[in-house]
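By convention here, the first residue in the shown sequence is residue 1. Worth saying up front: this structure is predicted, and the values here are computed from it rather than measured.
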Amino acid sequence: TGNCPAGVKILKLEPSLSRTIGIAYNKKTALAPCKEFANTAIKSIVIPNSVKSISYSAFYKCADLANITMSDNVTEMGSSVFNNTAYFADTTKWQNGALYINKCLIAIDSTIKDTSYSVKQGTTCIADGFLSGASYKLSEINIPSSVIYLSVNKFSGWIKKINVDSSNPNYSSVNGI
């Protein structure tokens, strides 16, 4: 298992990928951060349907990674998973100051000038650290009913109000808290 955490083994994916990089899974079908990912020349990744969680920095600094295929089964995502990749840097992937991959909100950037941001309906996971590039003017986040995973302790200190849709079965808020 090389540089991977204890209990993690490397499995190979499709032949074109296995020549370059292994995928690390733990027993919870999660991609784990391993040094095998960092600074590789990987250009494309297909994250299997069995993966439900991707740990922090899993693809951090894979500068050439431009194509990411990920199923809707991913419901948990750590911080900086796709930071410093070609995908993250591609401005055409960003919509209204936010980067989504399928149903996961990856990041919000400083182009959002409003004080409030509403996560789009249908989003199931919000990556830890999704606010790391956001403007300090942003003080309120609105969470839809569809969100399954949200790390509330990862909200930046300047966010004063978190509004969760009252029909969300996983989270709730009272007066923005």
Side-chain angles (χ1 to χ4, degrees), residues 21 30-35 37-47 51-165 168 170-173 176-177:
I21 192 169
L31 286 172
C34 296
K35 291 183 180 177
F37 288 123
N39 300 310
T40 63
I42 186 172
K43 294 181 186 216
S44 180
I45 183 85
V46 176
I47 298 171
V51 173
K52 296 177 181 14
S53 175
I54 304 176
S55 294
Y56 70 96
S57 301
F59 297 98
Y60 181 72
K61 290 189 178 180
C62 290
D64 296 332
L65 180 56
N67 297 304
I68 300 165
T69 303
M70 181 174 81
S71 78
D72 291 340
N73 293 340
V74 174
T75 56
E76 294 183 32
M77 189 171 296
S79 64
S80 304
V81 170
F82 297 108
N83 289 31
N84 295 341
T85 64
Y87 189 96
F88 194 91
D90 183 349
T91 57
T92 65
K93 305 284 189 204
W94 292 75
Q95 296 176 350
N96 302 318
L99 179 64
Y100 288 84
I101 299 177
N102 290 3
K103 295 183 177 185
C104 289
L105 172 58
I106 307 301
I108 293 176
D109 71 12
S110 62
T111 62
I112 295 175
K113 301 299 181 195
D114 294 333
T115 58
S116 177
Y117 178 77
S118 294
V119 175
K120 71 180 182 179
Q121 184 60 38
T123 301
T124 56
C125 80
I126 299 175
D128 295 350
F130 78 104
L131 289 170
S132 61
S135 167
Y136 288 106
K137 292 180 181 178
L138 188 64
S139 61
E140 182 177 347
I141 300 287
N142 300 305
I143 309 295
S145 61
S146 56
V147 170
I148 296 169
Y149 176 77
L150 167 67
S151 180
V152 291
N153 64 340
K154 299 293 183 178
F155 280 94
S156 298
W158 68 86
I159 300 297
K160 305 295 181 219
K161 198 170 187 185
I162 303 168
N163 302 309
V164 179
D165 185 295
N168 186 308
N170 303 298
Y171 299 98
S172 62
S173 61
I177 299 175

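- Asn168 places a side-chain N or O within 3.5 Å of a backbone atom of Val147 that can act as its donor or acceptor partner.
- From Ser172, atom OG reaches atom CD1 of Ile143 across 12.0 Å, with rounding to the nearest 0.5 Å.
- The closest donor-acceptor contact from the side chain of Ser146 to the backbone of Gly122 lies under 3.5 Å.
- Taking CD1 of Ile141 as the start and OG of Ser139 as the end, the distance is 9.0 Å to the nearest 0.5 Å.
- Heavy atoms of other residues, nucleotides or ligands lying less than 6.0 angstrom from CD of Gln95 number 12 at most.
- Counting only heavy atoms from C-beta outward, the side chains of Ile54 and Met70 approach each other to under 4.5 Å.
- Minimum heavy-atom separation, Tyr117 to Tyr100: OH-OH, 3.0 Å.
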* Leu131 vs Leu138, side chain to side chain contact (heavy atoms under 4.5 Å, CB included): CA-CA, chis, key distance, verdict -> CA-CA 9 Å; Leu131 289 170; Leu138 188 64; 3.8 Å; yes
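- With rounding to the nearest 0.5 angstrom, the CG atom of Asp114 is 10.5 Å from the CD atom of Glu140.
- For the residue pair Gln121 and Pro144, the shortest heavy atom distance occurs at OE1-CB, 3.0 Å.
- Summarising the geometry, atom CG belonging to Leu99 is positioned 9.0 Å from atom NZ belonging to Lys93; distances are rounded to the nearest 0.5 Å.
- Put simply, CG on Asn73 and NZ on Lys103 are 9.5 Å apart, with the number rounded to the nearest 0.5 Å.
- Within 6.0 Å of CG in Asn96 there are 12 or fewer heavy atoms belonging to other residues, nucleotides or ligands.
- Here the closest non-hydrogen pair linking Thr85 and Leu65 is CB-O, 3.6 Å.
- Between Ala127 and Gly78 the shortest heavy-atom distance is CB-O, 3.8 Å.
- When atom types are taken as modelled, the side chain of Tyr171 and the backbone of Val164 share no donor-acceptor pair closer than 3.5 angstrom.
- Aromatic pair Phe88/Phe82: ring centres not closer than 6.0 Å.
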* Working for side chain to side chain contact (heavy atoms under 4.5 Å, CB included), residues Trp94 and Ile106 -> CA-CA 10 Å; Trp94 292 75; Ile106 307 301; over 6 Å; no
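- For the atom pair OG1 (Thr115) and NZ (Lys160), the distance works out to 12.5 Å, reported to the nearest 0.5 Å.
- Partner of Tyr149 under the side-chain contact (heavy atoms from CB on, under 4.5 Å) criterion, out of Ile126, Asp128, Thr123, Thr124: Asp128 alone.
- Defined by atom type and a distance below 3.5 Å, a donor-acceptor pair is present between the side-chain atoms of Asn142 and Ser116.
- Between Asp165 and Ser145, the closest heavy-atom pair is CB-N, 3.5 Å.
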